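None of the values given here were measured: they were computed from a predicted structure.
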Amino acid sequence: MRDIDQLHRRGVWGRCFRWVLLLAALVGVMAAGLPQAQAAAPGQTGQARTVVPLGQAVGIKLFAQGVLVVGLSDITTQEGPVSPARACGLQAGDVITHINDDPVNSIEQVQTVLQDLEGDEMELTVLRDESSRDMTTHAVQCSADGAYKLGAWIRDSMAGIGTLTFYEPETGRFGTLGHGISDVDTAVLMKLQRGAITPASIAGVVKGVDGRPGELRGSFSSGKDLGTLYANTTCGVFGHLTNAAAQGGTPVPVALPQQVHTGPATIRSNVSGTQVEEYTVEILKVYEHTGDSRDLMLKVTDPRLLAQTGGIVQGMSGSPILQDGKLVGAVTHVLIDHADRGYGIFAQRMLEQADRTRSA
């Protein structure tokens, strides 16, 4: 990373993405809280909500609202090392939303403002733990290159590969990942300003073994968007497909949490090229009212998937889980000590979160 005037344009998605030259791997961090009842879609009052389960790998591009502070450092000046960011109270995990009442959403904007002010006093508006606060500071001139800097490392965007869980034909709305996109350095959930999904292809697999999770490796094209994002939440990332009709597929009911049970199930995943296939799994446990993030635990039983990936690997987060003809959840997390097992989030929870964030 570089200092505030020359910083990352792309972040690394902590447990979600491993980003190297458009090669990515995904492992989930599940959301907390349990849904209590089935939400009814417009025109579906009293009926089971239906969606189309997918399992397709996509590229995900996320641009943050504000710029995220991921670290602090000293600036070498003619008077010695100083850190205006540290001195004014900035912390890793803070989100700078405004400088002198002007909104900032990119590294370039921050760079331009610092150089224009030339060390004059300025006021930062910072979001920390959902609370806004103001801080007064000024940039200092670096003796090495003459640029004005604060001594803060910032990030404004992330990109990687994920898996589409479902889309709703009636609304064109989709859900992916089953967990949020958090910054790797601070574990802060990135606040979404805008984002999109693009076509992706899986080029290879690092097979998982007990004690070492495997990963899918792939690439995506930034030249064509399949849809736009509107929310990044602890229950998943949500958006609208540009052409929902082109997805095709057969809608299935979304299961209520109480309808999910231990026993045989299937998952849909894209672990080679662009081909989505269905694999057998077994739901080992269903967690109820625990207050933590584990809705269900599953084990891969399909010999084909075990031979190819070793089980659940990074990159499969968002893979839809089906049981009894219903969408019951999405894969979200690989168990490091048991490569053939993973956790999942209830699909109903994802759908309810998609509704809440869309209407907010």
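- To the nearest 0.5 Å, the span separating CG on Leu256 from CZ on Phe346 amounts to 10.0 Å.
- Looking only at side-chain heavy atoms (C-beta outward), Pro257 and Glu288 stay at 4.5 Å or farther from each other.
- Under the 3.5 Å distance criterion, the side-chain polar atoms of Ser143 are matched with a main-chain donor or acceptor of Thr76.
- Under a hydrophobic-cluster definition in which Ile, Leu, Val, Met, Phe, Trp and Tyr are linked whenever side-chain heavy atoms come within less than 4.5 Å, directly or via other members, Leu189 and Leu127 are assigned to different clusters.
- Tested against Thr125, the residues Asp134, Asn100, Thr97 include a single side chain to side chain donor-acceptor pair (under 3.5 Å) partner, Asp134.
- With Asp210 contributing its side chain and Ala339 its backbone, the two residues share a donor-acceptor pair below 3.5 Å.
- Taking each heavy atom of Gly218 and Ile161 in turn, the nearest pair found is C-CD1, 3.3 Å.
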**Item:** Residues Glu168, Thr171; criterion side chain to side chain donor-acceptor pair (under 3.5 Å); working and verdict
**Value:** CA-CA 6 Å; Glu168 190 173 39; Thr171 63; 2.9 Å; yes
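- Taking 4.5 Å as the limit, some side-chain heavy atom of Ile60 sits within range of a side-chain heavy atom of Ile181.
- Atom CD of Gln56 is separated from atom OG of Ser269 by 12.5 Å, given to the nearest 0.5 angstrom.
- Contact between Asn105 and Val67 at its shortest, heavy atoms only, is C-CG1, 4.1 Å.
- Smallest separation of non-hydrogen atoms from Gln259 and Val254: OE1-O, 4.4 Å.
- With hydrogens and angles disregarded, a donor-acceptor distance shorter than 3.5 Å links the side chain of Asn270 to the backbone of Ala57.
- The side chain to side chain contact (heavy atoms under 4.5 Å, CB included) search around Ser201 returns Thr274, not counting sequence neighbours.
- Gly208 approaches Val313 most closely through the heavy-atom pair N-CG1, 4.1 Å.
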**Item:** Working for side chain to side chain contact (heavy atoms under 4.5 Å, CB included), residues Leu351 and Val51
**Value:** CA-CA 9 Å; Leu351 198 56; Val51 298; 4.3 Å; yes
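- In this structure, the separation between CZ on Arg356 and SG on Cys235 is 6.5 Å, given to the nearest 0.5 Å.
- At a threshold of 4.5 Å between non-hydrogen side-chain atoms, the residues Thr137 and Leu124 count as touching.
- Residues Gly325 and Val252 share a closest heavy-atom pair of O-CB, 3.6 Å.
- In Asp101, the CG atom is not crowded: 12 or fewer heavy atoms of neighbouring residues, nucleotides or ligands sit closer than 6.0 Å.
- The heavy-atom pair separating Gly318 from Thr165 by the smallest distance is O-OG1, 2.7 Å.
- In this structure, Ile336 places its CD1 atom where only 12 or fewer heavy-atom neighbours from other residues, nucleotides or ligands lie under 6.0 Å away.
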**Working for side chain to side chain contact (heavy atoms under 4.5 Å, CB included), residues Met135 and Leu90** = CA-CA 8 Å; Met135 299 177 181; Leu90 272 177; 4.0 Å; yes
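- Applying the ring pair (Phe, Tyr, Trp, His ring centres under 6.0 Å) criterion to Tyr230, with sequence neighbours excluded, gives His240.
- With respect to Arg49 and Asp355, a salt bridge is recorded, a charged nitrogen being found less than 4.0 Å from a carboxylate O.
- Using modelled atom types, no side-chain atom of Asp156 and backbone atom of Ala64 make a donor-acceptor pair closer than 3.5 Å.
- Side-chain atoms of Asp225 do not come within 3.5 Å of backbone N or O of Thr228 as any donor-acceptor pair.
- Checking side-chain atoms of Ser317 against main-chain N and O of Thr332 turns up a donor-acceptor pair under 3.5 Å.
- In this structure, CG on Asn232 lies 11.5 Å from CD on Gln65, to the nearest 0.5 angstrom.
- Gln109 places a side-chain N or O within donor-acceptor distance of the main-chain N or O of Ser106, the cut-off being under 3.5 Å.
- Partners of Thr136 by side chain to side chain contact (heavy atoms under 4.5 Å, CB included), not counting sequence neighbours, listed by chain and number: Glu121, Glu123.
- A heavy-atom distance below 4.5 Å is found between the side chains of Arg217 and Val206.
- Counting heavy atoms from C-beta on, the side chains of Val70 and Ile154 never come closer than 4.5 Å.
- Among residues two or more places apart in sequence or in another chain, the salt bridge (Lys or Arg N to Asp or Glu O under 4.0 Å) test is passed with Arg86 by Asp74.
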**Message:** Could you walk me through whether Val58 and Phe174 satisfy the side chain to side chain contact (heavy atoms under 4.5 Å, CB included) test, starting with their C-alpha distance in whole Å, then the side-chain angles of each, then the deciding distance to 0.1 Å, before giving a yes or no?
**Reply:** CA-CA 12 Å; Val58 290; Phe174 69 82; over 6 Å; no
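- Residue pairs meeting the salt bridge (Lys or Arg N to Asp or Glu O under 4.0 Å) criterion with at least one partner in residues 260-270, sequence neighbours excluded, are Arg268-Glu278.
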**Request:** Kindly determine whether Tyr343 and Ile312 satisfy side chain to side chain contact (heavy atoms under 4.5 Å, CB included), including the steps that lead there.
**Result:** CA-CA 9 Å; Tyr343 289 112; Ile312 304 295; over 6 Å; no
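- Of the possible donor and acceptor atoms, one in the side chain of Thr176 sits under 3.5 Å from a partner among the backbone N and O of Thr163.
- With rounding to the nearest 0.5 Å, the separation of CG in Leu229 from CZ in Phe63 is 10.0 Å.
- Ile202 and Val276 are assigned to two separate hydrophobic clusters, defined by single-linkage of ILVMFWY side chains at heavy-atom distances under 4.5 Å.
- Using a 4.5 Å heavy-atom threshold, the side chains of Leu62 and Met190 count as touching.
- Counting only N and O atoms by type, the side chains of Thr301 and Thr280 include a donor and acceptor under 3.5 Å apart.
- One finds a salt bridge joining Asp145 and Lys149 here, because a Lys/Arg side-chain nitrogen approaches an Asp/Glu carboxylate oxygen to under 4.0 Å.
- Using a 4.5 Å cut-off on side-chain heavy atoms (C-beta onward), Gln348 and Leu327 make no contact.
- Connection of Tyr287 to Leu284 is established within a shared hydrophobic cluster, with ILVMFWY side chains joined at heavy-atom distances below 4.5 Å, either directly or through further cluster members.
- Checking side-chain atoms of Gln314 against main-chain N and O of Leu216 turns up no donor-acceptor pair under 3.5 Å.
- With sequence neighbours excluded, the residues satisfying side chain to side chain contact (heavy atoms under 4.5 Å, CB included) with Arg304 are Glu277, Tyr279, Asp302.
- In this structure, Leu306 CG and Lys207 NZ are separated by 8.0 Å, a value rounded to the nearest 0.5 Å.
- Taking 4.5 Å as the limit, every side-chain heavy atom of Gln141 sits out of range of all side-chain heavy atoms of Thr77.
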